[in-house]
There are 2 protein chains.
Amino acid sequence: MGRVSRQEPDNPPGGTGGGDGSSRRYEHEALAAVFQVRDGSMHVLLWRRAREPFAGRWSLPGGSLAVEERLGTSLSRHLAVKVDLTDIGFLEQLETRSDVDRDPRGRVIATAYVALVSTDVNPTIPDDTAWFPAAHLPPTAFDHSSIIRSGLERLRAKLTYTNLAFALVPAYFTIAELRVVYEACLGHAVSPTNLQRVLLRRRIIESTGRRTSSSSSGGRPATLYRFRERTLRVTDPFATFRPPGMDVEPNGAVT
Amino acid sequence: MGRVSRQEPDNPPGGTGGGDGSSRRYEHEALAAVFQVRDGSMHVLLWRRAREPFAGRWSLPGGSLAVEERLGTSLSRHLAVKVDLTDIGFLEQLETRSDVDRDPRGRVIATAYVALVSTDVNPTIPDDTAWFPAAHLPPTAFDHSSIIRSGLERLRAKLTYTNLAFALVPAYFTIAELRVVYEACLGHAVSPTNLQRVLLRRRIIESTGRRTSSSSSGGRPATLYRFRERTLRVTDPFATFRPPGMDVEPNGAVT
DNA sequence: ATGGTTTTCGCCTTATAGGCGATAACTACG
DNA sequence: CGTAGTTATCGCCTATAAGGCGAAAACCAT
């Protein structure tokens, strides 16, 4: 192949496309793995395919990228329009799948996102969509089940070293409610005692003075907590190998 | 936008493209942020653009996606062909940029990767490419400097909670050499004592019996260490909130 | 009031990171 | 050969964060 030379496609878009096969164009879709904790376990929102390929199987909601949009906004639009889903607390790009044969009809590149929905919203979804427990997925289409696994993995990781849970619970919540979410996500028992202590110490959550009026099954009324911030923030276990005199302020700044 | 109905582009590729603007096609390029520690500081490999737009500015190596390729292999090919770079120890997808106007010539979607090169390789690179310290980048093209920052952030994070450093050092190395790499990457002093202890305790590195024959400037010969594994493996600070009796075996399995 | 239930606090143990000085193992040079 | 200089490594301690467990708090129902 010729001499080493240029870099990106210097061909103007729509240009003649010289050399080694540049200026090819591809369909591009944005997919969302929408997660919500329902009845104590993690669920994913899936769409039942009406047509071939994979007719009858379930797939991630999403849609193709429009000309004037970025992937993220495109996806929000598709979710709003097609599944009536607007209450998304968190949306983050996950990964882009480019396998040549991931769609039997032809080449479609897909960028997958992770979307989180709080437990206190119950969106009205179309008939051909449904929530499925992430642990027991129905037969899925394309590479979507692999994408879901990948999303779950990221979710689990971030839940332990960030404040990401803010997107999965209402603005005000009890430790018990938070515990359910953590258990659903991590897939194992979580001690409420330890959960409270750790998140308070990390200054991720804080107590509002208020308490639940009275719980259904009796028992001491729980304090209502809230997340100090409702945007993603990492706690610094990344501070291993931290330099000598370096201390991290509560606000995250470094002195 | 009609009634809520289908999902992915059900149009066969090349089809007529109905409804809400589906089956659009876009140019797609793969870019690499190639990192290497040189002279004790982190460097990035950049390419000098010959033509407009951004003529004379520096950009990430890469190239457009060919029809029969996945993004990762496409990128490897471009790096091998165009910058003669084949000794890449690690290649991981970073993120996909889809801003409409990121390329003034028209719409090009870019998927960026992080690539790592060990300190013991010194690839012969073309005239119009050069290594730049990541802390002092030259004027860059497109959104590339933002991509580099993003890559550096991931690199720093992963260096502290994974064995990722294996891709930045030779197969056998001394703690001193490893320290240089960590300092270059994290941007602050790292104690060799602590580095050794932590990585040994985490069972990320292990001592080969061998020692450096004799160093240049005198001093006790250092033990040669090696990474137990040369594929990405996370250490489990993700194990916070770990369930009661759950212990993690040295090999990473969970009992 | 009494018992059941749930939440929360206090005290302790364990695990991991980090500081610092002492010792080991070489080179260089008289 | 002996001694100074240099670098690597180890041992012992401290600091911090996570986790276990039981006791107390604060409600409900009878």
Side-chain angles (χ1 to χ4, degrees), chain A residues 159-161 172-180 182-183 186 188-225 234-250, chain B residues 159-161 172-180 182-183 186 188-225 234-250:
Chain A
L159 209 60
T160 66
Y161 69 90
Y172 301 95
F173 53 88
T174 66
I175 297 296
E177 289 164 354
L178 192 59
R179 175 200 193 181
V180 169
Y182 269 82
E183 292 190 334
L186 300 180
H188 64 242
V190 170
S191 144
T193 299
N194 202 33
L195 187 65
Q196 189 214 31
R197 266 182 317 200
V198 169
L199 295 184
L200 277 178
R201 270 201 294 230
R202 288 182 179 175
R203 299 178 56 95
I204 287 179
I205 62 174
E206 67 188 356
S207 154
T208 75
R210 305 192 295 128
R211 305 175 162 260
T212 52
S213 45
S214 66
S215 68
S216 44
S217 57
R220 172 175 174 172
T223 305
L224 285 175
Y225 293 83
V234 308
T235 2
D236 67 330
F238 296 159
T240 321
F241 310 121
R242 186 175 10 199
M246 229 158 176
D247 247 346
V248 177
E249 293 292 307
Chain B
L159 209 60
T160 65
Y161 70 90
Y172 300 95
F173 53 88
T174 66
I175 297 295
E177 288 164 354
L178 192 59
R179 174 198 193 182
V180 169
Y182 269 83
E183 292 190 333
L186 300 180
H188 63 242
V190 170
S191 145
T193 300
N194 202 33
L195 187 66
Q196 188 212 32
R197 266 182 318 200
V198 169
L199 295 184
L200 278 178
R201 272 200 292 230
R202 288 181 180 175
R203 299 180 54 95
I204 286 180
I205 62 173
E206 66 187 357
S207 154
T208 75
R210 303 193 296 129
R211 305 173 163 260
T212 52
S213 46
S214 66
S215 67
S216 44
S217 56
R220 172 175 173 173
T223 304
L224 284 175
Y225 293 83
V234 307
T235 2
D236 67 330
F238 296 159
T240 322
F241 310 119
R242 185 174 11 198
M246 230 159 175
D247 246 348
V248 178
E249 293 292 306

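Proteins come first, then strands; the chains are lettered A, B, ... in the order of their sequence lines, and each starts at number 1. What you see below is based on every heavy atom in this structure, not just the backbone, and it leaves out hydrogens, waters and symmetry mates.
Atom CZ of A/R179 is separated from atom P of D/dG19 by 14 Å (rounded to the nearest Å). The CZ atom of B/F241 sits 16 Å away from the C1' atom of D/dG20 (whole-angstrom rounding). A/N194 has its CG atom 18 Å from the P atom of C/dC11, to the nearest Å. Atom CZ of A/F173 is separated from atom P of C/dT6 by 20 Å (rounded to the nearest Å). Here the P atom of nucleotide D/dT16 and the CZ atom of A/R202 are 17 Å apart, to the nearest Å. When rounded to the nearest whole Å, the span between OH of A/Y161 and P of C/dT16 equals 20 Å. Taking atom CZ on B/R203 and atom C1' on C/dA17, their separation rounds to 19 Å, with Å as the unit. One atom, CZ of A/R211, and another, P of D/dA25, lie 13 Å apart when rounded to the nearest Å.
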Check nucleotides 10-15 of chain D for protein N or O atoms closer than 3.5 Å to its own N or O atoms and list the pairs.
from   : atom 1 : to     : atom 2 : distance (Å)
D/dC10 : OP2    : B/Q196 : NE2    : 3.2
D/dC12 : N4     : B/R197 : NH1    : 3.4

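Distances were taken from every side-chain heavy atom of B/P221 (C-beta onward) to each of D/dA8, C/dC26, D/dG19; the shortest belongs to C/dC26. Distances from the side chain of A/V198 to the nucleotides D/dG19, C/dT8, C/dG18 place D/dG19 closest. When each of C/dT8, C/dG18, D/dA18 is scored by its nearest atom to the side-chain atoms of B/T240, the top-ranked nucleotide is D/dA18.
Partners of B/R210 according to the side chain to side chain donor-acceptor pair (under 3.5 Å) rule, which considers only residues two or more places apart in sequence or in another chain, do not exist here. Residues satisfying the side chain to side chain donor-acceptor pair (under 3.5 Å) criterion with B/Q196, sequence neighbours excluded, are B/Y225. Checked against side chain to side chain donor-acceptor pair (under 3.5 Å), A/R197 has the following partners two or more places apart in sequence or in another chain: A/N194. Remark: A/E177 engages no residue in a salt bridge (charged side-chain N to carboxylate O under 4.0 Å, His left out) (not counting sequence neighbours).
Looking at heavy atoms from C-beta onward, A/T174 lies out of side-chain contact with A/T223 at the 4.5 angstrom threshold.
Taking side-chain N and O atoms only, B/T223 has a distance below 4.0 Å to OP1 or OP2 of D/dT9.
Heavy atoms of B/R201 sit under 4.0 angstrom from at least one base atom.
Judged by distance alone, the side chain of A/T208 and the main-chain N or O of A/L224 form a donor-acceptor pair under 3.5 Å.
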